[in-house]
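Note sheet for the following structure.
This one's a predicted model, so the numbers in the text were calculated from it and none came from an experiment.
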Amino acid sequence: MTYDELEVEAMVQEALEECVEFENLDDEELFELIENVKNLTGSDAEEAYEYLSQYSPISRKRFVALYYV
């Protein structure tokens with residue numbers, strides 16, 4: 001695992017400790033997580049979605065809306 005991967009994983013874990021699941025995050029916080037994962041996965045939407053959904057369920061519709069902002 002690279003340093004970047006560890007950093008993004010730590011951000012995800014921290015966000016989930018505070019809000020329990022992604023649906024409880026506000027759009028700005030979720031957008032930041034998506035941007036970090038997007039950079040990690042090479043901007044592939046499906047990979048980014050799968051990466052985040054392994055930690056907590058996330059609405060695909062909301063994810064797509066924030067991914068393509």
Side-chain angles (χ1 to χ4, degrees):
M1 208 174 240
T2 68
Y3 178 78
D4 291 338
E5 291 171 327
L6 290 172
E7 189 174 351
V8 170
E9 186 171 331
M11 291 175 74
V12 169
Q13 292 294 337
E14 183 179 335
L16 289 175
E17 283 178 10
E18 294 175 11
C19 70
V20 182
E21 61 184 35
F22 292 132
E23 293 301 324
N24 295 333
L25 279 177
D26 66 26
D27 285 347
E28 187 176 313
E29 290 173 315
L30 186 55
F31 175 77
E32 183 180 334
L33 279 177
I34 291 170
E35 281 296 304
N36 287 317
V37 171
K38 192 185 333 186
N39 292 334
L40 176 69
T41 60
S43 297
D44 182 88
E46 190 61 34
E47 280 186 52
Y49 177 78
E50 292 298 323
Y51 182 88
L52 286 174
S53 64
Q54 73 182 342
Y55 292 97
S56 173
I58 183 171
S59 161
R60 187 175 290 272
K61 186 175 182 178
R62 183 175 180 210
F63 175 86
V64 170
L66 292 172
Y67 185 88
Y68 292 107
V69 168

Side chains of residues 11-22: which donor-acceptor pairs under 3.5 Å do they make with residues two or more places apart or in other chains?
none

Response to the item:
Hits for side-chain contact (heavy atoms from CB on, under 4.5 Å) against Y68, two or more places apart or cross-chain, chain-then-number order -> A45, V64
Worksheet entry | Nearest-0.5 Å distance, NZ of residue K61 to CG of residue L66 | 12.5 Å
Worksheet entry | Contacts of type side-chain hydrogen bond (donor to acceptor under 3.5 Å, both in side chains), residue E35, not counting sequence neighbours | K38
Worksheet item: Excluding sequence neighbours, so at least two apart, what forms ring pair (Phe, Tyr, Trp, His ring centres under 6.0 Å) with Y51?
Response: Y55
Worksheet item: For residues 22-34, which residue pairs qualify under side chain to side chain donor-acceptor pair (under 3.5 Å), counting only residues two or more places apart or in two chains?
Response: D27-R62
Worksheet item: Which residues satisfy the salt bridge (charged side-chain N to carboxylate O under 4.0 Å, His left out) test with E50, sequence neighbours excluded?
Response: none
Worksheet entry | Set of salt bridge (charged side-chain N to carboxylate O under 4.0 Å, His left out) partners for E47, sequence neighbours left out | none
Response to the item:
Value for OH (Y67) from CD1 (I34), rounded to nearest 0.5 Å, stands at 9.5 Å
Worksheet entry | For E46, side-chain hydrogen bond (donor to acceptor under 3.5 Å, both in side chains) partners two or more places apart | R60
Practice prompt. Mind checking salt bridge (charged side-chain N to carboxylate O under 4.0 Å, His left out) for D4 and listing every partner two or more places apart, or none if nothing turns up?
Written response: none
